[in-house]
Peer 1: 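There's a structure below that I have some questions on.
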Protein chains: 2
Amino acid sequence: MDTTQRTDQQRSADRRRRELLEAADRVVLRDGPGASMNAIAAEAGITKPILYRHFGDKGGLYAALAKRHTDALLEALRAALDAPAERRERVESTLDTYLAAIEARPQVYRFLMHPAEGGQPGDQGFDVGKHSAPLLRRMGEELAEVIEERVDLGPGSQQLARVWGHGIVGMMHAAGDWWLGERPCPRAELVRSLADLLWGRLAAAGDKIGGPGF
Amino acid sequence: MDTTQRTDQQRSADRRRRELLEAADRVVLRDGPGASMNAIAAEAGITKPILYRHFGDKGGLYAALAKRHTDALLEALRAALDAPAERRERVESTLDTYLAAIEARPQVYRFLMHPAEGGQPGDQGFDVGKHSAPLLRRMGEELAEVIEERVDLGPGSQQLARVWGHGIVGMMHAAGDWWLGERPCPRAELVRSLADLLWGRLAAAGDKIGGPGF
DNA sequence: ACTAAGCTGTTACTTGCGGTAACTGGAGTG
DNA sequence: CACTCCAGTTACCGCAAGTAACAGCTTAGT
């Protein structure tokens, strides 16, 4: 027996797991994030307990599912973040990468960020909250690292970089979410507007009429 | 019959509704957002169907509950936003108001923003997603209005103001969420860091060592 | 005073989900 | 051939949302 056999089993288990995840992906993208375990199992051509053997509980499946997309997105963002270019260009490219991703696959995005939507009444969502947050947190932490590592911020730089990392990610996320819902302008314009904000245009702008402006 | 009688009934109904909401508030703050309708009804000293008569479904109760806190918070933010002071001071005051609010009542905050957490396995959360978003959206829109109304942004100012409104709110939210979880620094420092970010300090800072920084 | 609404409240039920226990059939190994 | 693993199944439990259908009290109409 042994190592070879074990690896064989493990391989087949891993393959199965991937198949299950792909099936789950299809269902979630079709039925929205409120898809039931039964539905996912049916799509995969099997029944519930198998899902539970592989993923523990619904949160586990959700986590595994989210991890795939999350990792892919983070990879893309890292690339944009590490590209050789000036800071402004790099910021814009990162923003654009993120926005292009959520624009290209809004279903995935809504699953990651706003699970437990789009269901009929009586719908109970996934095990929300433990997974959408992590994506934003991870993005924030990664951005913080890059900032701290490349930008000279003087004393207290680490703290500052983390605040900024999470703050910028939140800005990107909220603006992207709103933009995705209303599509008030082309992507490039949104990117430029956000970069302008980060570049201090709010502080530089003059007051409009009476009294001190915001 | 009629108006007088109706008003009487309506008054008593409204009072009842308020009592129910207060009971729901207590339960949600005690048990987390996963509280069951049964538990809420029990806290109010009555049983489920009454809740359903008053609020339609769980989403309705949730919405009503969220609206109270949301309105209160927005009121406070409006005050900070409209105070007579310079722009930077006003921005800091608004940030501080928001952060003070979530710091003072983190349970309420988590209920508004991250419902469907803190439950045991098998817990199905509230009807998430339809309510946490609205708060952020409303804040974003209000901020956008204030910006557009007071800051001179040249052509395309309305679009730009909305982008910034949602972006800034998202920044505040994400940074606040992270800060509330880790408490890495006093509130005042967070406020200053975020204001610095909005004031373009990221753009102004120099690169650290090799190559163009972020 | 008696009945008819109309309110608040109840108990008891249905439905549908997440999650689990216990059984079934087939493939490899002495 | 017996024995052990597995993938897989059916059938079930618990629990929460939501819904009848019924019970009592207050109030109005005649």
Side-chain angles (χ1 to χ4, degrees), chain A residues 1-2 4-20 23-24 27-28 31-63 115-116 119-128 130, chain B residues 1-20 23-24 27-28 31-63 115-116 118-128 130:
Chain A
M1 43 144 118
D2 308 14
T4 69
Q5 201 179 21
R6 247 206 209 136
T7 16
D8 267 12
Q9 286 174 188
Q10 211 164 358
R11 272 199 175 173
S12 116
D14 281 6
R15 278 192 42 186
R16 203 85 184 94
R17 188 188 167 92
R18 280 231 300 276
E19 291 173 17
L20 297 185
V27 174
V28 163
D31 296 358
S36 81
M37 292 297 265
N38 257 326
I40 295 174
E43 169 75 24
I46 45 116
T47 50
K48 267 196 301 179
I50 304 183
L51 282 181
Y52 283 96
R53 280 224 258 275
H54 274 274
F55 301 103
D57 63 351
K58 194 166 190 174
L61 198 170
Y62 182 9
Q120 297 307 342
D123 179 18
Q124 36 244 61
F126 266 102
D127 217 4
V128 195
K130 296 223 190 76
Chain B
M1 39 145 122
D2 305 16
T3 27
T4 68
Q5 199 180 22
R6 250 205 203 132
T7 14
D8 267 10
Q9 286 175 185
Q10 210 163 0
R11 271 200 175 173
S12 114
D14 281 7
R15 280 192 41 185
R16 204 82 183 95
R17 188 188 167 92
R18 281 231 300 275
E19 290 172 18
L20 297 185
V27 175
V28 162
D31 296 357
S36 80
M37 292 297 266
N38 255 326
I40 294 175
E43 169 74 26
I46 45 116
T47 48
K48 267 196 300 177
I50 303 182
L51 284 181
Y52 283 96
R53 282 224 261 271
H54 273 276
F55 301 103
D57 64 351
K58 195 167 189 172
L61 199 172
Y62 182 8
Q120 298 306 341
D123 180 17
Q124 36 244 60
F126 267 102
D127 217 2
V128 194
K130 296 223 191 75

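Naming convention: chains lettered A, B, ... in sequence-line order (proteins, then strands); numbering from 1 in each chain.
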Peer 1: Can you tell me the distance, in whole Å, between the CE atom of Met37(B) and the P atom of dG18(D)?
Peer 2: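 The answer, rounded to whole Å, is 6 Å.
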Peer 1: Please set out all donor-acceptor pairs under 3.5 angstrom arising from side-chain atoms of residues 39-55 of chain B, sequence neighbours excluded.
Peer 2:
| unit_1 | atom_1 | unit_2 | atom_2 | d |
| --- | --- | --- | --- | --- |
| Glu43(B) | OE1 | Arg30(B) | NH2 | 2.9 |
| Glu43(B) | OE2 | Arg26(B) | NE | 2.9 |

Peer 1: To the nearest 0.5 Å, how far apart are CD in Glu19(A) and CZ in Arg16(A)?
Peer 2: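 Here the interatomic distance stands at 5.0 Å.
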Peer 1: Specify the separation, in whole Å, of atom OH of Tyr62(B) and atom P of dA17(D).
Peer 2: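 The answer, rounded to whole Å, is 14 Å.
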Peer 1: Using the test side chain to side chain donor-acceptor pair (under 3.5 Å), find all partners of Arg17(A) that sit at least two apart in sequence or belong to another chain.
Peer 2: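 Expected list: none.
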Peer 1: May I have the distance from Lys58(B) (atom NZ) to dC15(D) (atom C1'), rounded to whole angstrom?
Peer 2: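 After rounding, the gap between these two atoms is 11 Å.
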Peer 1: Can you tell me how far C1' of dT19(D) sits from CG of Leu51(B), to the nearest Å?
Peer 2: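 Atom-to-atom, Leu51(B) to dT19(D), this comes out as 14 Å.
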Peer 1: Roughly, in whole Å, what's the span from OH in Tyr52(B) to P in dA16(D)?
Peer 2: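 Rounding to the nearest Å, OH of Tyr52(B) and P of dA16(D) are 11 Å apart.
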Peer 1: Does dG9(C) have OP1 or OP2 sitting under 4.0 Å from an N or O in the side chain of Arg16(B)?
Peer 2: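 So the side-chain polar atoms of Arg16(B) do come within 4.0 Å of the phosphate oxygens OP1 or OP2 of dG9(C), strictly under.
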Peer 1: Give every pair of a protein N or O atom and an N or O atom of nucleotides 10-13 of chain C that lie under 3.5 Å apart, one pair per line with the distance.
Peer 2:
| unit_1 | atom_1 | unit_2 | atom_2 | d |
| --- | --- | --- | --- | --- |
| dT10(C) | OP2 | Thr47(B) | N | 2.7 |
| dT10(C) | OP2 | Thr47(B) | OG1 | 2.2 |
| dT10(C) | O5' | Thr47(B) | OG1 | 3.4 |

Peer 1: Starting at atom CG of Asn38(B), determine the distance to atom P of dC15(D), rounded to an integer number of angstrom.
Peer 2: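 Atom CG in Asn38(B) sits about 12 Å away from atom P in dC15(D).
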Peer 1: Could you tell me how far apart Asp14(A) (CG) and dA7(D) (P) are, to the nearest whole angstrom?
Peer 2: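 Atom-to-atom, Asp14(A) to dA7(D), this comes out as 12 Å.
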Peer 1: Please report the distance, rounded to the nearest Å, between NE2 in His54(B) and P in dT19(D).
Peer 2: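 Rounded to whole Å, this separation is 16 Å.
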